[in-house]
Amino acid sequence: MNKIKSLKVASWNVNSVRVRAPLIEKLIKEEDPDVILLQETKCVDADFPREFFQDRSYEHLYISGQKSYNGVAIISKIKADSYSTDLKNNTGSEARYIEAEISGLRIASAYVPCGNKSDEAYEYKKEFLSNINTQMKGSKFIVGGDFNVAINDLDIQTPKKWEGSVLCRDDVREKMHDLQKSNFIDHAKTLEEMYDPSKSINKENSNTKSRDSKMPFTWWDYRRPNEGLRIDYIFTSEMNNECNLETLAEYRWLERPSDHVPLLLEIKL
DNA sequence: ATGGTAGCCCAGCTA
């Protein structure tokens, strides 16, 4: 078993893995991640484009799909020792969570419910966020995904227009703060540094930075193209390794884009 | 104030 020095992990809500194949191809060619965490694959496991990934040296696929909605996957060059779709109280009818143990780390792909359908859906969202927090404790853990929460008003291009939205209410923000407080490396906090020059994002000693600090948003409603939000994140726990997190904003401008752009974490092991 | 798009697959739901 050869020891890996660093790991590149991409996380992307692709809004259909089959439609997004050409853009995933570009991500693989240009960034060559070791592990790709996908959300909203939107197909049953039998329809998952396994050959596409296996032909591009991603031999190990851990997928949890369903018809039409949701669907998460972990695409890896490295074989996992185990994998699981278990997350406490995740009722199973919705394919929103998968984790795998890879090179001694637990790595998860999460698609947190949006929670705008009903009060029950919103409660489920809060519970889901708490459950991720619980799941990460005590293990070296990397979780990437669509959290459907803009943690700070700075994460919203037009904050006034989103006031009261399920994406930025105080109680779900609290859940994200709980995540951030639970001994996690807080990749998210660098956004404040980006907006506040006095916090100097560009200093050499910053362990996180963005390739495109002017557009840190990760999602746009297809109908509201000038209202970006940052609702996708990668968090780690129980590890203080040197790392670099990027938002690949250029994927927004390609042919047939997802409504989300990819995140890329490079972490020294 | 409303509706605007995209993906699932062909009606209407989800985001």
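As the structure is a prediction and not an experimental result, all values here were calculated from the model.
In this structure, CZ of A/Arg20 is placed 13 Å from C1' of B/dA15, rounded to the nearest angstrom. One can place CG of A/Asp259 at 11 Å from C1' of B/dT14, the figure rounded to the nearest angstrom. Rounded to whole Å, atom P of B/dA15 lies 7 Å from atom CG of A/Asn70. Atom NZ of A/Lys67 is separated from atom C1' of B/dC13 by 12 Å (rounded to the nearest Å). Atom C1' of nucleotide B/dT14 and atom CG of A/Asn148 are separated by 11 Å, given to the nearest angstrom. What separates CG of A/Asn15 from P of B/dA6 is a distance of 10 Å, to the nearest Å. Separating the CG atom of A/Asp221 from the C1' atom of B/dG7 is a distance of 13 Å, rounded to the nearest angstrom. Atom CD in A/Glu227 sits roughly 16 Å away from atom P in B/dG3 (whole-Å rounding).
A donor-acceptor contact closer than 3.5 angstrom is absent between the side chains of A/Ser237 and A/Lys137.
When the side-chain nitrogen and oxygen atoms of A/Arg256 are compared with OP1 and OP2 of B/dG7, one or more of them lie within a distance under 4.0 Å.
Among the nucleotides B/dC9, B/dT5, B/dC8, the one closest to any side-chain atom of A/Arg223 is B/dT5.
Annotation: B/dT14 and B/dC9 have their C1' atoms spaced 14 Å apart (nearest Å). For B/dT2 and B/dA15, the P atoms lie 22 Å apart once the distance is rounded to whole Å. Taking the C1' atoms as reference points, B/dA11 lies 13 Å from B/dG7, given to the whole Å. Atom name C1', nucleotides B/dA6 and B/dC10: the rounded distance is 15 Å, in whole Å. Between the C1' atoms of B/dG12 and B/dA1, the separation comes to 24 Å (whole Å).
Contacts of A/Asn116 with the nucleic acid, taken as non-hydrogen atoms under 4.0 Å apart, involve only primed sugar atoms and P, OP1 or OP2. Using a 4.0 Å heavy-atom distance criterion, A/Arg224 is classed as a base contact.
Along DNA chain B, the nucleotide nearest to A/Asp146 and the one nearest to A/Pro257 differ in position, and the one closer to the 5' end is contacted by A/Pro257. Between A/Cys43 and A/Tyr69, the residue anchored nearer the 5' end of DNA chain B, judged by the nucleotide with its closest heavy atom, is A/Cys43.
One finds the CG atom of A/Leu254 at 5.5 Å from the CG atom of A/Leu23 (value rounded to the nearest 0.5 Å).
Shown here is A/Tyr62, whose OH atom has more than 12 heavy atoms of other residues, nucleotides or ligands within 6.0 Å.
Note: A/Trp219 and A/His260 have tilted aromatic rings, judged against thresholds of 30 and 60 degrees for the angle between ring planes.
Of all heavy-atom pairs between A/Ala150 and A/Leu229, the closest is CB-CD2, 4.2 Å.
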